[in-house]
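Inspection log for the structure reproduced underneath, given as structure tokens.
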Amino acid sequence: MTHTDTYIAFMMDHAAGNHPESFAVAGDLHISLSERGAETAHLWSMIGGVMLERSDPILADPAQQSSRTGRARWSGLSADEVLFQSSGDLSWRRGFSGVQYASAGTPGTKFMKLEPGQSAPMHGHGGLEATVVLSGRFTDGYGTYSRGDLVLGEPGMRHKPAAVGDESCICFVAHRPNRFWSFFQ
């Protein structure tokens, strides 16, 4: 799967409501802060609407849909709350790598801060990680990202994020909640 395919699949799952809350919030942030995200969400919304119109009436009924899935999409965290939190005083803690992290308040989410010129060590991902730039910019060997950009760390991908410019780079980072990693956050 290419990075483009991963982005399309991520945004399609977002439109369908298939993400855990951590990824759903990352998708919402990308949509609210990025023209590309807003356009992609609009496209998938239109496609989904056409598919629902052509589907079985029971499948198109939201009451039937929610009773079948048996789960709510949200437990409370919204894109607006994330933006409000990130602009305030967060309790930053330095991780093993020297990168600073702060809790975003929902399992599978955190804020990450890279100071100007700072980089994280080269690392890989065992599962999908979604990072949305909230302020500043960073590069990772695959591209340079700024406010609103959604960066998907694919399983097996190795990269070395580094802040670019004179401003701290603050990101919202989401992954599937995992009990093991909660000990390190």
Side-chain angles (χ1 to χ4, degrees), residues 1-45 47-48 71 73-74 77 79 82-83 86 95-114 118-165 169-185:
M1 186 178 284
T2 68
H3 187 72
T4 300
D5 292 339
T6 302
Y7 176 78
I8 291 168
F10 183 92
M11 294 303 288
M12 183 172 60
D13 282 343
H14 184 273
N18 291 335
H19 283 312
E21 182 177 11
S22 56
F23 286 160
V25 173
D28 287 347
L29 283 165
H30 175 56
I31 290 165
S32 69
L33 298 175
S34 160
E35 187 175 322
R36 177 185 184 204
E39 289 172 357
T40 303
H42 180 71
L43 173 69
W44 282 116
S45 176
I47 291 170
R71 66 177 176 88
R73 180 175 175 191
W74 303 109
L77 190 63
V82 168
L83 292 171
S86 70
F96 293 129
S97 65
V99 175
Q100 296 180 69
Y101 296 98
S103 172
T106 296
T109 66
K110 61 187 170 193
F111 293 103
M112 175 184 75
K113 179 164 66 169
L114 293 168
Q118 182 183 21
S119 65
M122 176 70 78
H123 65 280
H125 296 276
L128 186 65
E129 179 179 273
T131 302
V132 180
V133 180
L134 303 178
S135 63
R137 297 181 312 139
F138 81 90
T139 186
D140 69 352
Y142 294 95
T144 300
Y145 314 100
S146 56
R147 183 173 170 88
D149 286 343
L150 172 65
V151 183
L152 297 169
E154 301 172 41
M157 173 186 164
R158 296 186 55 76
H159 68 157
K160 183 178 176 134
V164 176
C169 181
I170 298 177
C171 299
F172 176 83
V173 181
H175 55 83
R176 291 198 181 278
N178 180 322
R179 285 189 189 155
F180 174 76
W181 288 111
S182 66
F183 293 113
F184 298 101
Q185 296 181 0

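FYI, the numbering just counts along the sequence from 1. Because the structure is a prediction, the values reported are computed rather than measured.
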| What's the shortest heavy-atom distance between P121 and K160, and which atoms? | C-CG, 4.2 Å
| field | With sequence neighbours excluded, residues passing side chain to side chain donor-acceptor pair (under 3.5 Å) with T40 | value | Y7
| task | Please round to the nearest 0.5 Å and tell me the distance separating atom CZ of F172 and atom NZ of K110. | result | 11.0 Å
| note | Output for pair (H159 NE2, S119 OG), nearest 0.5 Å, gives 11.5 Å
| said: Counting C-beta onward and ignoring hydrogens, is there a side-chain heavy-atom pair between T106 and S22 closer than 4.5 Å? | reply: no
| task | Quick one: closest heavy-atom pair of M157 and D140, and the distance? | result | CE-OD2, 3.9 Å
| When rounded to the nearest 0.5 angstrom, what distance separates CD in E39 from CZ in R36? | 10.0 Å
| task | Provide the closest heavy-atom pair for T109 versus A104 in the form atom of the first, atom of the second, distance. | result | OG1-CB, 3.3 Å
| query | Given E129 and V173, is the side-chain contact (heavy atoms from CB on, under 4.5 Å) satisfied, shown in steps? | reply | CA-CA 7 Å; E129 179 179 273; V173 181; 3.6 Å; yes
| Parallel, tilted or perpendicular: which describes the rings of F10 and F23, with under 30° parallel and over 60° perpendicular? | perpendicular
| Do you know the tightest heavy-atom contact between G148 and S34? | O-CB, 3.4 Å
| said: Contact between H125 and H175 at the side-chain level, heavy atoms closer than 4.5 Å - yes or no? | reply: no
| Where C169 and V133 come nearest, the two heavy atoms and their spacing | SG-CG1, 4.2 Å
| request: Begin with the C-alpha distance, continue with both residues' side-chain angles, and end with the deciding distance and a verdict on side-chain contact (heavy atoms from CB on, under 4.5 Å) for V82 and F111. | output: CA-CA 9 Å; V82 168; F111 293 103; 3.7 Å; yes
| said: Quick check for you: to the nearest 0.5 Å, what is the distance between L33 atom CG and D149 atom CG? | reply: 9.5 Å
| remark: Distance col, row L134:CG vs R147:CZ, nearest 0.5 angstrom, shows 7.0 Å
| Non-hydrogen atoms of L150 and A130 that approach each other most closely | CD1-CB, 4.0 Å
| query | What's the spacing between L152 CG and T4 OG1 if we round to 0.5 Å? | reply | 10.5 Å
| request: Over 60° means perpendicular and under 30° means parallel, so classify the ring planes of H14 and H19, tilted if in between. | output: tilted
| Residues, nucleotides or ligands: over 12 heavy atoms within 6.0 Å of H123 NE2 | yes
